[in-house]
Amino acid sequence: MLSFIARRLGLLIPTFFGVTLLTFALIRMIPGDPVEVMMGERRVDPIMHAEAMERLGLNKPLYAQYLDYIGQLARGDLGESLRTRESVWSEFLTLFPATVELALAALLFAGSLGLIAGVVAALKRGSLFDHGVMGISLAGYSMPIFWWGLLLIMFFSVGLGWTPVSGRIDLLYDIEPVTGFMLIDSLLSGEEGAFLDALRHLILPAIVLGTIPLAVIARMTRSAMLEVLREDYVRTARAKGLSPARVVFVHGLRNALIPVLTVFGLQVGALLAGAVLTETIFSWPGIGKWLIESIGARDYPVVQNGILLIACLVILVNFVVDILYGLANPRIRHQK
Amino acid sequence: MRKNAFIQAFVVAGLIASTPLAMAASNLVFCSEGSPAGFDPGLYTTGTDFDASAETVFNRLTQFERGGTAVIPGLAEKWDIAADGLSYTFHLRPGVKFHSTSYFTPSRTFNADDVLFTFQRMLDKDHPFRKAYPSEFPYFTDMGMDANIAKLEKLDELTVRFTLNQVDAAFIQNLAMSFASIHSAEYAGQLLAAGKAAEINQKPIGTGPFVFKRYQKDSQIRFKGNPDYWNPDEVKLDNLIFAINTDASVRMQKLRAGECHVTLFPRPADLEALNNDPNIQMPSQPGFNDGYIAYNVRHKPLDQLAVRQALDMAVNKQAIIDAVYQSAGQLAVNGMPPTQWSYNDSIKDAAYDPEKARQLLKAAGIKEGTEITLWAMPVQRPYNPNAKLMAEMLQADWGKIGLKVKIVSYEWGEYLKRTKAGEHDAMLIGWSGDNGDPDNWLGTLYGCDAVDGNNFSKWCDAEYDKLIKAAKRTTDVAERTKLYQQAQVILKREVPITPIAHSTVYQPMRTSVKDFKISPFALNAFYGVSVE
């Protein structure tokens, strides 16, 4: 097992350097530099431009910039944003809890509804409900997030007035950020109604972000359940006279969950990618929106290190999944 | 039954939740369009940055009247201009208090040291504060103030004098611009001593109508009304909150849902719905901007006047205004908007005449099918809401007179870099006024000194340049008006540009908002504004 973990860890190093090289190169391949973008239609004074580029370290050859960047990372320094001049790490820490809160809510929505829908569809295979779930999940999977978000806003927020249009909480509540998680901070603030208001603000973004994972989980659960329900041990369980609920949930679902949990793990990356659009639609102050704006402003340190941090997170999740897989399935562990 | 109970619980929860500070009438939520990069106005160039700092936290020596371009006293009560126009003496307002916050308590009121600190930091590259917090001051440099201010002196505690190298008729206007916001020298000194100079850009201290409270990136900026403001009648709000929303359609939905009181930059497609909403008012005014086509006079065949004239008269401006601006624009004739003083209204546009344009091209020896490039901006701007559509319409217009038009577009930064280098034949661009001075249009955009910058036509006409330089070097308004009007005649005659439109500016807000004034400079100021 130790050698398995060591092999997996060994793979992380080239992946890490690959990510640094890729983000470093890609952001620099986009035309324009941060000073020019800031000046817009205005005259760019050549002396001021040269001074700014020197201050930002962007006048050096690319290889020197890359070496500086790696050196900085080795010292545990993620640098500071060229635009706001705040440390990238502190900006990440400010914004990351918002993304995590949204992603967890979306996963909760997608997981709970997806499992139920998948199980029921499998049990009622070929029924109208089954076809409905499959059709809706296909539509959900193909849904353009931006359009879906605006549609829900138009219907629930503007039309019915049930949910707020955007943001994390009504800004007339003055909530001091403590943990960065609005649901927790609103409770800590002690302001009456703040928690429920934060919850209301979370509903639509979580639904929009959770739509694609919901579709994936529902379909995966259905097919896994169908396979498991055909297994001999399920037939044996039924023959033993166990209650249908026990057969389905204990003998069926528990075994069907293994591939579904893998999908859950894979959805972490998908949720972070989907968060970019969802955060933009709902003015949700998370890392997706931060990265998009930083690309526009050619804020090299934010783009490089923001993506690196997300990549590390995804690598870490995959690493843990690999290890868990190894633990669960010895055949994977012993593969050379 | 269960389903109904769930819906009821959901609605009740919603009702319970919607009772925060809403009952306090002096809160105003402004749905702004982006996060500011920081709170030190001298470092930035955009309205997003200025709204969050210069228009709230800070004052300047002079300031623009609300909703206008006229300059009125700010932190300077009055000023004297020397007869030679080279020195300006400012008499500062006594008793003005800097903000008291959790991070700074002033021990003195505003005085000449604050003015000296503010400007010397921008002028002197070796200034100790600039050494501690290295910065560039792009707007200050762009307006040529770094080169033109020869000396800055403190005459006494409440008097300062600027001496210029050359007469600059727009100097007073320039001082009213956001980048010239006055900092507290005492606060800067404390930051410097504590090794925290960078906090000047994160925790601002000014004398303005609102006191900075807290900023959460991409989410909100909170200010409270300044109880010690030197003009107390202008502080009518207890709390001012910027709710940051980058998407225009979401901003409009928030406004309609009552989640914010004021917003900005509505999309033309949203105007009708906003107009029909009884809870929303939408004041508008002709934009202080100009969207135009710049012809690169260094490229063949656009170096020929006849070709530029032909292109100019082949443009169906009205059709463009109807389609691109959705009729929310005025047809532009000159290189600056009619609301700019010294505008020459005797100048008339060439009539739309494709047939005559075709003849002009033929007479100039231009063959049928000659190709030119037309560069289209990749971004939406107040002066041009849809450059791609405008380029396609121009492609059709110029196609009718026998030209083959190739539309070129790059990402915004690259677009500007390449067009400043003169790679284009014709291009779409525009400008929004900075300071209400005619030189900010006629000099900045079409003068010989700007050919390597934002004179995108690369047009340098000696006669024109002499007039605008003479106008800049005199403070006699009547004389300046005469010179600028003559310059506009030359600009129209030589056709380095085809002005297309001055877009109408709409500012949607709830009907409960009182006395908000639209700024010609596309800024959003909330002093003097109240909520009923």
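Per chain, numbering begins at 1; letters A, B, ... match sequence-line order.
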Distance from [X] atom [atom1] to [Y] atom [atom2], nearest 0.5 Å?
X	Y	atom1	atom2	answer
Ile307(A)	Ile295(A)	CD1	CD1	5.5 Å
Tyr415(B)	Lys420(B)	OH	NZ	12.0 Å
Ile241(B)	Leu28(B)	CD1	CG	8.5 Å
Ile244(B)	Ser35(B)	CD1	OG	3.5 Å

Is [X] in contact with chain A via its backbone, its side chain, both, or neither, using a 4.5 Å heavy-atom distance?
X	answer
Ala198(B)	neither
Val29(B)	side chain
Lys417(B)	side chain
Thr444(B)	neither
Ser219(B)	both
Asn201(B)	side chain

Report the option among [options] that has the most heavy-atom pairs separated by less than 4.5 Å from atoms of chain B.
options	answer
Gly286(A), Gly149(A), Pro285(A)	Pro285(A)
Ala198(A), Pro164(A), Ser157(A), Gly167(A)	Pro164(A)
Pro177(A), Ser81(A), Gly161(A), Ala98(A)	Pro177(A)

Portion of [X] that has a non-hydrogen atom of chain B nearer than 4.5 angstrom:
X	result
Arg85(A)	both
Arg168(A)	neither
Leu160(A)	neither
Ile169(A)	neither
Ile175(A)	backbone

Phe242(B)/Phe223(B) aromatic ring centres below 6.0 Å: yes
Tell me if the aromatic rings of Tyr410(B) and Trp375(B) count as close, with their centers under 6.0 Å from one another.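 Yes.
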With distance as the sole criterion, is a donor-acceptor pair present between the side chains of [X] and [Y] under 3.5 Å?
X	Y	result
Glu279(A)	Thr99(A)	yes
Ser283(A)	Asn245(B)	yes
Ser189(A)	Glu176(A)	no

Can you tell me which of [options] forms the most heavy-atom pairs within a distance under 4.5 Å of chain A?
options	value
Ala257(B), Pro134(B), Ala243(B)	Pro134(B)
Gln220(B), Gln216(B), Arg256(B), Gln202(B)	Gln202(B)
Asp247(B), Asp49(B), Thr246(B), Thr419(B)	Thr246(B)

Against Glu259(B), only a single residue in Arg251(B), Lys254(B), Arg510(B) fulfils salt bridge (Lys or Arg N to Asp or Glu O under 4.0 Å); can you say which?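 So, applying the salt bridge (Lys or Arg N to Asp or Glu O under 4.0 Å) to Glu259(B) and each of Arg251(B), Lys254(B), Arg510(B), only Lys254(B) qualifies.
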Parallel, tilted or perpendicular for Tyr215(B) and Phe39(B), by the 30°/60° rule? perpendicular
